[in-house]
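Step one of this worksheet: look at the structure below.
First the proteins, then the strands, lettered A, B, ... as listed; each starts at 1.
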Amino acid sequence: MAKLQASWVHGSSVHMEREGYFISKRRTGYGAHFKTHGKEWFHFAIPTPVILDGQRTALKKTFVFYKTELTAKITAIHVYDAGSSIKKFDNLSLSGDHSTGVDKDNSWVITPAHSMEFGLGISVEVDFGPSTTGGVPGIWFRTAGADFETP
Amino acid sequence: MIMPEYLPHTMRDIIVPDSVAIEELHRFAETIEPISAPVPYKAPPVEVDLSKYLHYIRWQGGEGCWGYSLLAIWDIMNEMKCPFSPNLSLNLGLFLHRRRDLWENQGGINSPDGRFHKKAGEKWLDQSFGVTTEGTEITNPTIRWTGNWTFEGTNEAYNYRLAEDIKKITVSSSEFLKWLANKHPIQLEIYGNDWGHVVAVVGYDSVKKTFKYVNSAGDRWGKDGFGIFTFNEVDNGKTNWCTIGNSYVIDIIPPRPVPAARIRVTTPENGGRRINVNLWLSVEDSPLPKRKIWPPCDSGDDSRNLHYTVRLPSEFIWPPSPSNRLVLDLYDSGAFPDSCGTLEGFTASFGGHIVKCSELSKGPVSFKACEHRRFYIP
């Protein structure tokens, strides 16, 4: 019978691809908060149990818990095994509060499951949208993780 | 991030006359052909005044007209593309101008982030590295200071770059009119018998047949810092006091919005000086030092008014709220007889989201000589 493993990191560990004064950022005990305009990439490094009980693990599912504000939306999720691309979920348009439990808009199944060799990376493209007078678009990242399976 | 080998030179008495930069500009202009204005898709308006996008009227002091006029047209284009962009600083421009020993022989310069910027064309560092902003780096034109790289400047300059080198345009009233109608202010060389200068043409009135330009001599020069050329003077290439030289336009990479504050202070018409007014920006209860944003020290600037946009302290987290307030400290030094003045505006903005100082909601607030006032957003 296959054994399931899961590994998660807190949202406060997420990294922006580009640093700059054009992003207002805040890390708290309950997540990381970013406010800006236009498109930006964010990256989670997930601790990866590559081998468990002498068996190589396979990635089955990835998760990113988030909550968007104003026009911000997630437009792509890319999944990496070190430098190798495992799966790309493009042309997404995900917004709202998906920060408290697993749902269809914050979890992505990897089919077929990918046998992991190195560290897992989950990259999130956020389109914050244009400037508005009503406020600055933003996103909260609460946590991210993945399900693995060993034979 | 100050490079140690520069330190012995930072206060060295180095003066390089403007004529060196203007001759450089002239030599560059001789290598390129003038370009024509894009064909307008509709008739140009009767009047265009891009000065409404120019808030900060610079005072150059001894030198730097070639740079201050460039920053005037760049400020206008930034404001049109990305309102509330910080005013640009000439710190690095003056640094390159005065410290030619650092780049002339090796054909470029290393920036503190490890990149080498090759000299190619006229505005080479403005394309590959960018420029810094006022408030982060107050330009100090009067003391004999060479400028330098700074940590905050290095981190922000990439947001403020030219898309390509400056472009020479045909000097004629019809071409100027088309460029201005096409939202391109114009950098213009002017000459006398033994002097050269550069100004920025920012508008026209086709009924009066005049162009409006901004000088870099503060707001007591001309009419609030602006002067007039007639269409005939431009077409004839001369006025009764100067010869018209080459003219240029720029294209910028539109900057991204950054959290910024816009501050407007006026001082008395009779003898008031904006350099009396000391300004610091900070985050309430932050342990970090307050950031001095005005004035440049040891300045001879006799301007009355300051209308100034600067980036917020980098530790500030947007948006301002009652538990996260932005603080403007104002102190009038009382150095001139008619010191005192009025704070007319203090606003924070990040990409169109604007938050104002609540204390100014009922109108401007006056301050007296030697008075320290503190204002908050919200």
Practice prompt. Select one option (side chain, backbone, both, neither) describing which atoms of Thr133(A) are under 4.5 Å from chain B's heavy atoms.
Written response: both
For the student: nearest non-hydrogen atoms of [X] and [Y], plus distance:
| X | Y | answer |
| --- | --- | --- |
| Phe350(B) | Phe22(A) | CZ-O, 3.3 Å |
| Lys35(A) | Pro319(B) | CE-CD, 3.8 Å |
| Gly134(A) | His353(B) | C-CD2, 3.9 Å |
| Lys39(A) | Arg256(B) | O-NH1, 4.3 Å |
| Ser131(A) | Gly352(B) | CB-N, 4.4 Å |

If you count the non-hydrogen atoms of other residues, nucleotides and ligands that lie under 6.0 Å from [atom1] in [X], is the total more than 12?
| X | atom1 | value |
| --- | --- | --- |
| Lys290(B) | NZ | yes |
| Phe116(B) | CZ | yes |
| Lys123(B) | NZ | yes |
| Asp90(A) | CG | yes |

Worksheet entry | Any His33(A) side-chain heavy atom under 4.5 Å of Ile317(B) side chain |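 Sidechains of Ile317(B) and His33(A): no contact.
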Worksheet item: Mind checking whether Asn159(B) and Tyr21(A) have side chains closer than 4.5 Å, heavy atoms only?
Response: no
Worksheet entry | Tyr158(B): side-chain contact (heavy atoms from CB on, under 4.5 Å) partners, not counting sequence neighbours | Arg115(B), Arg161(B)
Check: residues 119-129 of chain A side-chain donor-acceptor pairs under 3.5 Å, at least two apart:
{"from": "Ser123(A)", "atom 1": "OG", "to": "His43(A)", "atom 2": "ND1", "distance (Å)": "2.7"}
{"from": "Glu125(A)", "atom 1": "OE1", "to": "Thr75(A)", "atom 2": "OG1", "distance (Å)": "2.6"}
{"from": "Asp127(A)", "atom 1": "OD1", "to": "Gly129(A)", "atom 2": "N", "distance (Å)": "2.9"}

